[in-house]
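This report concerns only the one structure given below.
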Amino acid sequence: MIASIVTRNAGVRFMFDAQQRTVTPRLGRLRRGVTETWGLRGLTFSIGAGEAVALLGPSGAGKSTLLRTMAGVFTTDEGTLEVNGTIGTLLSIEAGLMGSLTGRENAVLLSVLNGLGLRAARAMVETVKEESGLGDAFDRPVGSYSQGMRAQIGLTIAQRVGPTVLLLDEVHEALDHEFRAKVEQQARALIAAGGIVVAAGHDHPLLERICTRALLMRGGTVVDDGPFAEVQARYLAD
């Protein structure tokens with residue numbers, strides 16, 4: 001399957017009750033005092049095989065929401081967002097990890113969540129230990145880990161699953177030099193093989209080394225789309 005991401009007038013809506021707790025649209029229709037906001041709206045763009053695209057914009061612009069919608073965490077409330085390919089995600093420092101479980105237990109859990117069968121995930125766990133470089137800490141609870149250590153497990157899993165679409169959200173900024181180099185290496189290899197990388201963050205030099213194209217987001221929509229250097233310059237000039 002050729003990797004691609006296509007959005008057509010895509011929008012994602014969030015609803016909150018009087019205590020500012022997120023509620024589903026069905027519950028929202030039944031409760032009083034419910035407010036709604038659009039995290040994304042009016043998104044129309046496409047990303048083709050072999051592209052690496054950076055999401056630029058201020059905090060709250062919708063970058064993380066867009067990545068999570070691409071990953072299937074959120075669904076669109078209007079329009080469509082279609083991702084063709086095997087998705088690998090590293091969407092937060094926590095990277096889906098549970099603090100009460102060990103690194104080993106989390107590695108199995110995260111591998112299954114990324115599409116591996118349980119047997120395959122267990123068979124891969126020693127490889128994850130070695131490639132993450134965590135040593136004895138791999139068998140300690142993740143709650144005792146630093147941000148960088150948590151990200152190293154998530155990144156190693158993302159590498160081993162072999163995605164054709166890789167989604168990165170700021171976690172690379174918590175990595176040490178060695179693992180930042182691994183992020184770049186994996187991204188370049190994926191692009192060369194016809195995959196897709198979509199990355200968000202404030203480390204513009206790193207994004208520029210990986211990405212040739214950028215989408216500038218404000219208020220949950222894309223306001224600029226073009227070569228990375230040109231979009232970055234317009235963003236910084238505002």
Side-chain angles (χ1 to χ4, degrees), residues 2-16 20 22 25 28 35-85 87-93 163-174 180 183-184 187-188 190-191 195-238:
I2 298 176
S4 66
I5 300 174
V6 179
T7 71
R8 298 182 181 88
N9 196 37
V12 174
R13 178 177 57 184
F14 298 110
M15 304 185 76
F16 305 92
Q20 292 302 297
T22 303
T35 59
E36 68 175 43
T37 184
W38 288 89
L40 302 173
R41 200 162 202 191
L43 298 184
T44 299
F45 62 85
S46 62
I47 301 174
E51 283 199 279
V53 180
L55 303 181
L56 304 181
S59 298
K63 303 184 299 294
S64 294
T65 300
L66 176 55
L67 285 170
R68 281 160 173 74
T69 306
M70 291 177 176
V73 177
F74 302 136
T75 57
T76 56
D77 293 290
E78 65 180 16
T80 60
L81 189 156
E82 300 176 356
V83 179
N84 294 313
I87 299 172
T89 64
L90 200 51
L91 296 181
S92 71
I93 294 300
T164 55
V165 177
L166 180 62
L167 309 176
L168 300 170
D169 188 11
E170 302 208 26
V171 288
H172 47 280
E173 296 173 16
R180 286 160 70 89
V183 170
E184 293 184 51
R188 291 196 178 99
L190 181 59
I191 296 162
I196 289 174
V197 175
V198 184
H202 298 286
D203 186 346
H204 287 194
L206 176 60
L207 292 177
E208 187 170 16
R209 289 197 298 273
I210 297 174
C211 304
T212 57
R213 176 184 170 192
L215 304 178
L216 177 57
M217 299 190 68
R218 295 188 187 279
T221 193
V222 173
V223 297
D224 200 359
D225 180 356
F228 182 94
E230 296 178 11
V231 174
Q232 180 195 41
R234 287 191 284 267
Y235 170 45
L236 296 177
D238 288 345

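Each residue takes its place number in the sequence, starting with 1.
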Side chain proximity check, V6 to F45, heavy atoms < 4.5 angstrom: no
Verdict with reasoning, V198 to L168, per side chain to side chain contact (heavy atoms under 4.5 Å, CB included): CA-CA 6 Å; V198 184; L168 300 170; over 6 Å; no
Aromatic ring pairing H204/Y235, orientation class (parallel under 30°, perpendicular over 60°, tilted between): tilted
Test item: T164 side-chain N/O and G195 main-chain N/O as donor-acceptor pair under 3.5 Å: no
Approximate separation, where rounding is to 0.5 Å, of S4 OG and E82 CD: 8.0 Å
V231 to D225 - nearest heavy-atom pair and separation: CG2-C, 4.0 Å
Smallest separation among heavy atoms of L190 and I196, with atom names: CD2-O, 3.5 Å
Contact check, side chains of I87 and L167, non-hydrogen atoms, under 4.5 Å: yes
Any P58 side-chain heavy atom under 4.5 Å of R218 side chain: yes
Any side-chain heavy-atom pair of T76 and T69 under 4.5 Å: yes
Exercise: identify the closest heavy-atom pair between A229 and E208: CB-OE2, 4.3 Å
Identified side-chain contact (heavy atoms from CB on, under 4.5 Å) counterpart of M217 within the set L66, V223, D224: L66
Residue pair L56 / L215, side-chain heavy-atom distance below 4.5 Å: no
Heavy-atom side-chain contact between I191 and E51 under 4.5 Å: no
Considering all heavy atoms, the nearest G62-L40 contact: O-CD2, 3.5 Å
OG1-CZ distance between T212 and F228, expressed to the nearest 0.5 angstrom: 10.0 Å
Considering all heavy atoms, the nearest L207-A199 contact: CD2-CB, 3.7 Å
Main-chain N/O of D169 paired with K63 side-chain donor or acceptor, under 3.5 Å: no
Verdict with reasoning, E78 to R41, per salt bridge (charged side-chain N to carboxylate O under 4.0 Å, His left out): CA-CA 8 Å; E78 65 180 16; R41 200 162 202 191; 2.9 Å; yes
Any donor-acceptor N or O pair under 3.5 Å, side chains T44, N9: no
Closest approach of C211 to V53 (non-hydrogen atoms, all atoms of both residues): SG-C, 3.6 Å
Side chain T7, main chain L43, donor-acceptor under 3.5 Å: yes
Sub-4.5 Å side-chain heavy-atom contact between F14 and W38: no
